[in-house]
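In listed order, ligands and their atoms are each counted from 1.
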Amino acid sequence: MKPSYYLTTPIYYVNDKPHIGHAYTTLACDALARFKRLDGFDVMFLTGTDEHGQKVQKSAEQKGIDPKAFTDEVSQNFRDLTSTLDFTNDDFIRTTEERHYHACQKLWSTLLAEGDIYLDSYAGWYAVRDEAFYAESEIKDGKAPSGAPVEWVEEPSYFFRLSAYQDRLLEFYENNPDFVAPKSRFNEVKSFVSGGLNDLSVSRASFSWGVPVPDDERHVMYVWLDALTNYMTAVGYGQENGDADYARRWPADLHMVGKDILRFHAVYWPAFLMAAKLPLPKRVFAHGWWTNEGQKISKSLGNVIDPVELADRYGLDQMRYFLLREVPFGNDGDFSHSAMVHRMNGDLANDLGNLCQRVLSMIFKNCDATMPACPATLEDADTSLLNRVDGMLERQRAHYDNQLFHEALKDAWDIVGEANRYVDEMAPWSLRKTDLERMAAVLWVLAETIRQVAIVIQPVMPTAAAAILDQLRIPEDERGFAMLGAGNRLAGATPLDKPTPVFPRFVDDEGEGA
Ligand code: ME8
């Protein structure tokens, strides 16, 4: 049986349309999910929408629609991203689904039975925008540390005994040094926990848009306790006949999140699970924040980037490449038109695009439109290039396992650069006049390099990679990672069609980039 790999995106609030930030997180997970499938794993890739709480309720009220109808509409916008951005999630969870109520209520009852939930009353600050409680000491100039406005809340509330988990959390972090990445973010988590933890209010009594607390209908569960549980709902927790799936999938291999919600995933979630005596997720990666031409992305500034418009303008695979290549994963990033065009015309059109077009055109013209055979003897320059290519999978695995997407792409493009230099040095156009056999050998080495590069970049650029592999006439069932390396070389004697360029140059209305 294939090994399981379970990864999740955050579930997004349905208070608004999806923007580039949401697409970014899901894209990173999509690339990783595709990578793991190609590498022989049985992948479960989950995304979805977070539909309860005051923030969503207020957005529905502003629109004058009942929350259920509102969430149906907005959730669909997120679901549509799967097809428009070519995501391959295996499930899409909504927290308003019945299956999720079962899971939340089961977890609640377990926490109660363990003695970690008690009834009291809450008096303190709450930020609806973050759906988070803040201590007095965290409030500066009347705002939460995130800049969100806060309001004073006083109401009866159930509490989770978070304070009892400080030492156990710190010990867990100590024993699991890869639990949170990047390292700098992990240090923030540790120092937050070392500073002491207060018990956490886990129910609200002043509104009703949430999962009812079992046996106390006056309360709904705090939206974060509800939301985090989604990761278990989707793999069978609390479901009739869900045990086998749960046993196979849980704990998750990776929760991918933005840095804004790390505390919920790296502190509260593990504490809930410890209290319920359930296994903890293996890793949480907190990526950085995108700005638009140097400015914070916000509705009030009117600079929200619609990922679908971006894909229409530049091309879907181009956008996917840009987002994962431009910014070291984990860092903040800035979207700018000029950076996008630079990557498209440089890395894609010039480097990989030209390599493919040059090599395939030469084979088409000079080898009778037929792929040359694997050469009987290789020269040092050939072996040196092929050795780099054959070592790619091992390096890619290390990068993907550490969520270093930019490094994985850089490694593939280093090979593209080396292949372009090899073409210039070997000058197959000259060999055509002097040594046809050597020309064919050089072109085969290049085609084999392109084959392996195209296989490796499938997770990020599925359509473009498929177009390259189609032109090389690689059958669809020979595109998995088992076909990488020296063991399964490109076969010769295959007839080829006249090649067509895979990566167009981007030319502005003003002619920039031409
Ligand atoms: O927090 N740059 O949902 P949310 C990068 N429902 N990523 C961004 C971004 C930006 N400018 N803006 C948003 C919630 N994101 C909760 C999650 S999980 C159990 C519950 C991404 O709709 C990033 O992944 O506010 C961030 O963590 C997430 O969207 C927040 O989405």
I want to know if ligand 1 touches [X] in the polar sense, i.e. an N/O pair below 3.5 angstrom.
X	result
G258	yes
I297	no
K55	no

One residue to check: [X]. Relative to ligand 1, which of side chain, backbone, both or neither has a non-hydrogen atom less than 4.0 Å away?
X	value
D260	side chain
F264	neither
K259	neither
E131	neither
H265	side chain

Residues R218, D216: salt bridge by 4.0 Å N-O rule: yes

Test: K36 and D401 ion pair at under 4.0 Å: yes

Y126: ring-ring contact (aromatic ring centres under 6.0 Å, His included) partners, not counting sequence neighbours: F133

Partners meeting ring-ring contact (aromatic ring centres under 6.0 Å, His included) with Y237 (sequence neighbours left out): Y246

